[in-house]
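All remarks here apply to the structure that follows.
The figures here come from the full heavy-atom set of this structure, side chains too, leaving out hydrogens, waters and symmetry mates. Quick note: residue numbers are just sequence positions, from 1. In this text, all values refer to a predicted model and were calculated from it rather than measured experimentally.
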Amino acid sequence: MPRREDARLVRGRGRFVDDIVLPGMLHGAVLRSPHAHARIVSVDTSAAESHPKVRAVLTGADLEARGMAWIPTPSHDVAAVLATDKVRYQGQEVAFVVAEDRYAARDALALIEVEYEDLPVVTDARTALDPDTPVIRDEMPGRTDNHVFDWESGDEAATDAVFAAADHVSRCELIYPRVHPAPLETCGVVAHLDPLDGRVTVHCTAQAPHTHRVLYSRITGIAESRIRVIAPDIGGGFGNKVAMYPGYLCALVGSMVTGAPVKWVEDRSENLMATSFARDFHMAGEIASTRDGRIRGVRVTVLADHGAFNATSQPSRFPAGFFGVFTGSYDLEAAHCRVTGVYTNKAPGGVAYACSFRITEASYLVERLVDVLAHDLGLDPAALRMANLLRPDQFPHATPTGWEYDSGDYPATLRLALDMAGYEQLRREQVESRAAYERTGQGTLTGVGISFFTEAVGAGPRRMMDIMGLGMADGADLRVHPSGGAQLAVSCMSQGQGHETTFAQIVAHELGIPYDEIVVVQGDTDRTPFGMGTYGSRSTPVSGAATVMAARKVRDRARLVAAAMLEVAADDLEWVPGRWQVRGVPTSGVSLREIAAAAHSDLDLPDGVEGHLDASCVYNPPNLTYPCGAYVCVVDVDPAIGTVDVRRFVAVDDCGVRINPTIVEGQIHGGLADGIGMALMELVTFDDAGNHLAASFMDYLLPTSMECPSWELGETVTPSPHHPIGAKGVGESATVGSPAAVVNAVLNAIGVRHADMPLTPAQVWCALQGTPLRTDRAIQ
């Protein structure tokens with residue numbers, strides 16, 4: 001099926017937040033701090049308030065008077081809305097202007113006078129816990145350092161014993177630097193507190209509208225029943241639009257003060273500087289093996305940079321996200337990791353960007369370790385992986401860190417990727433290119449890199465996961481009309497994934513209703529069931545499964561109505577697509593369209609059988625799902641100047657049943673491009689004064705079609721018998737296009753051991769010359 005969304009989106013007919021215009025609407029603008037760390041001495045808004053078009057100016061003191069200066073974060077911290085005592089990162093919100101148009105609001109920002117007292121800055125997580133480092137969160141009673149949390153996973157004693165008995169141990173240190181999701185559309189909001197009925201309506205770029213409604217209620221004290229959150233079309237999210245940013249709440253307070261709707265839409269620099277980032281992990285890993293390369297254990301120490309506030313959107317029991325899957329796809333005896341989180345003078349956040357929570361860092365780490373081990377032992381990296389991958393007969397598999405992988409045929413996935421790439425021929429070509437270069441001193445070197453990944457996605461099991469005390473189950477409401485069409489309301493929210501197409505296909509498949517007669521409703525808390533939204537690759541595994549279960553409830557209800565219509569026992573009926581018929585008598589049956597009409601008619605139904613064919617489901621998954629994949633990258637490197645050209649990229653993904661292959665391929669293309677960008681160009685960095693050095697697309701480089709090859713895609717499908725409805729058999733389309741696997745494949749192809757990303761040409765040149773690659777900073 002073609003994506004039904006594209007009919008409007010490719011024609012510019014989408015309706016985004018900035019397209020919304022309400023009667024009497026005002027416009028907001030945020031004054032941001034130029035300092036990364038400074039005490040606020042005074043804020044003078046008098047000149048701005050006298051501007052003829054300004055209707056209100058909000059400061060931290062104004063919000064403090066309303067009890068709204070600090071708001072809860074998903075990680076049980078609090079974050080400043082408008083700074084009161086001091087600013088803690090460059091770009092932090094200090095004041096909010098409401099004016100008659102956005103230009104007047106922006107102009108008035110220059111009229112606000114703020115006196116700052118500079119404070120020492122912490123931008124390097126490695127120094128955040130030093131004794132003489134300034135305390136960033138000194139508003140917390142008793143706070144004497146920048147420590148956020150310590151978290152462990154695995155068995156430390158068992159892991160130490162494995163390492164003590166190992167024949168060989170390889171080590172590497174890695175920085176997975178801060179990157180930004182950089183969605184096409186920035187964040188924005190239109191908020192209105194109607195003074196007549198007291199209802200709040202918020203149009204915003206929200207990947208999780210129901211979660212936003214809960215937060216608005218908790219912060220303002222307004223009952224959830226009087227708050228409506230609407231997410232219209234969203235131009236990309238990638239986790240960046242999960243959080244409720246200060247500008248959202250300021251717009252609502254601005255509406256409270258003025259009695260009019262208030263719109264705030266950030267510009268690109270604001271988005272890059274102040275909204276949620278991804279990654280920023282400093283990792284030191286060790287891998288233990290026998291002399292012949294049987295991997296026995298992995299041991300990891302991580303320093304996690306959480307910025308000025310711990311605002312990561314991830315389940316409460318997992319302060320380091322799902323980093324516990326750092327054991328990867330391998331059969332290990334033991335594993336242990338220790339993660340320490342710290343505050344720095346950077347924007348807060350930490351999002352599930354093109355993966356589930358922190359799995360990209362985990363996947364990157366274990367694959368780097370395997371590559372280093374292969375190098376140290378003189379083994380082919382493909383052969384080393386093949387010898388250590390989990391086998392199909394080992395599933396379901398309990399990892400040493402407590403995860404239960406449901407299914408997979410890892411060797412078959414890797415073999416397909418190697419066959420598609422022509423791996424043996426590539427290795428011969430690599431030898432030939434090196435020999436030619438050594439003879440002539442000219443030309444390029446061929447690099448071949450591989451990577452394997454297993455990811456844990458579909459966050460939802462309530463027994464182990466919540467965010468802010470809210471379980472991560474998702475809901476679906478399905479209504480079948482008397483004419484036989486249907487409307488499905490889901491709690492997830494698309495930002496380009498094609499939910500309107502995918503979920504309609506699920507209903508059509510389950511009930512036999514024509515695809516074009518099914519409408520999918522999302523993004524409106526007044527019209528959809530409660531759920532935790534779309535991020536971390538959870539929409540189809542959780543909301544999609546809820547849709548399946550609701551459709552099957554409709555089918556069961558239709559069976560009872562059909563039995564009354566045909567005057568037979570319900571047990572005598574069998575289902576064929578779109579129709580219940582008498583078993584053994586295919587000519588005696590009724591279609592779902594006929595059943596829907598009868599359910600609304602005067603048909604005499606059996607006692608206890610309700611009319612209509614509506615059904616709801618709240619789906620609480622028993623486990624996550626575990627897609628896997630194998631990638632092969634071919635690069636041409638110019639040793640003279642260090643440039644890298646990604647010539648070929650083979651990606652084989654096992655994401656289960658592909659509901660819509662075109663949509664899945666699009667998701668893969670996006671994830672692969674993300675990985676190319678992270679390996680070679682994307683980086684959020686800061687100078688020693690805490691100045692943000694990537695606040696525009698002149699400085700924060702994104703990959704284009706010029707940097708990406710023509711992707712070569714393959715697939716494997718592994719059924720899962722261990723999930724009640726089939727984790728990979730309900731049309732579960734989980735994470736595909738793993739950026740971590742791309743990054744590792746690219747770096748493996750270039751031939752680096754330790755790596756700060758992205759690799760500059762100078763760093764590539766150093767690696768090829770055998771000189772030190774590591775630097776004190778990611779980029780010099």
Side-chain angles (χ1 to χ4, degrees), residues 15-35 40 42-66 68-69 80-84 87 90-116 185-196 200-205 216 220 230 232 235 244-275 692 695-696:
R15 183 168 172 80
F16 300 87
V17 167
D18 205 24
D19 294 319
I20 295 169
V21 178
L22 301 179
M25 187 176 72
L26 303 175
H27 296 260
V30 174
L31 179 69
R32 298 185 180 276
S33 168
H35 304 279
I40 296 177
S42 64
V43 180
D44 184 354
T45 62
S46 57
E49 290 169 339
S50 66
H51 189 291
K53 290 189 175 183
V54 170
R55 298 280 295 275
V57 180
L58 302 175
T59 65
D62 297 321
L63 296 184
E64 200 165 41
R66 292 174 173 266
M68 300 182 192
V81 181
L82 296 177
T84 53
V87 292
Q90 187 182 59
Q92 185 176 350
E93 298 82 356
V94 176
F96 188 80
V97 172
V98 180
E100 294 175 10
D101 59 66
R102 66 173 302 183
Y103 305 103
R106 290 291 180 116
D107 289 345
L109 295 179
L111 301 177
I112 301 174
E113 295 185 5
V114 183
E115 183 181 351
Y116 297 98
E185 177 199 26
T186 60
C187 297
V189 62
V190 178
H192 185 210
L193 172 61
D194 192 320
L196 295 179
V200 171
T201 302
V202 180
H203 297 80
C204 62
T205 50
Y216 283 122
T220 66
I230 303 172
M244 190 185 80
Y245 295 111
Y248 296 9
L249 184 61
C250 288
L252 178 54
V253 176
S255 179
M256 293 176 177
V257 171
T258 63
V262 175
K263 175 189 286 188
W264 170 74
V265 177
E266 65 184 1
D267 64 25
R268 180 58 60 184
S269 290
E270 291 179 293
N271 182 262
L272 289 170
M273 289 178 64
T275 59
H692 193 290
S696 77

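To the nearest 0.5 angstrom, T258 atom OG1 is 5.0 Å from L26 atom CG.
A heavy-atom distance below 4.5 Å is not found between the side chains of V98 and V257. The shortest distance between side-chain heavy atoms of M256 and T220 falls below 4.5 Å. Using a 4.5 Å cut-off on side-chain heavy atoms (C-beta onward), V97 and L31 make no contact.
For Y103, the side chain to side chain contact (heavy atoms under 4.5 Å, CB included) partners are D101, not counting sequence neighbours. For D18, the salt bridge (Lys or Arg N to Asp or Glu O under 4.0 Å) partners two or more places apart in sequence, or in a different chain, are K263. Residues meeting the side chain to side chain contact (heavy atoms under 4.5 Å, CB included) test with S33, sequence neighbours left out: H35, V87, V94, Y116. With sequence neighbours excluded, no residue forms a salt bridge (Lys or Arg N to Asp or Glu O under 4.0 Å) with R55. For D267, the salt bridge (Lys or Arg N to Asp or Glu O under 4.0 Å) criterion is met by R106, not counting sequence neighbours.
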In a table with atom names and distances, give each donor-acceptor pair under 3.5 Å that connects a side chain of residues 244-253 to protein atoms at least two apart or in another chain.
{"residue": "Y245", "atom": "OH", "partner": "N240", "partner atom": "O", "Å": "2.5"}
{"residue": "Y245", "atom": "OH", "partner": "S276", "partner atom": "N", "Å": "3.1"}
{"residue": "Y245", "atom": "OH", "partner": "S276", "partner atom": "OG", "Å": "3.2"}
{"residue": "Y248", "atom": "OH", "partner": "T205", "partner atom": "O", "Å": "3.4"}
{"residue": "Y248", "atom": "OH", "partner": "T205", "partner atom": "OG1", "Å": "2.7"}

Discussion item. Using the rule given for side-chain contact (heavy atoms from CB on, under 4.5 Å), can you reason through E93 versus V81, listing the C-alpha separation, both sets of side-chain angles and the distance that settles it, and then say yes or no?
Written reply: CA-CA 7 Å; E93 298 82 356; V81 181; over 6 Å; no

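Listed for the H692 side chain is no donor-acceptor partner under 3.5 Å among the backbone atoms of A274.
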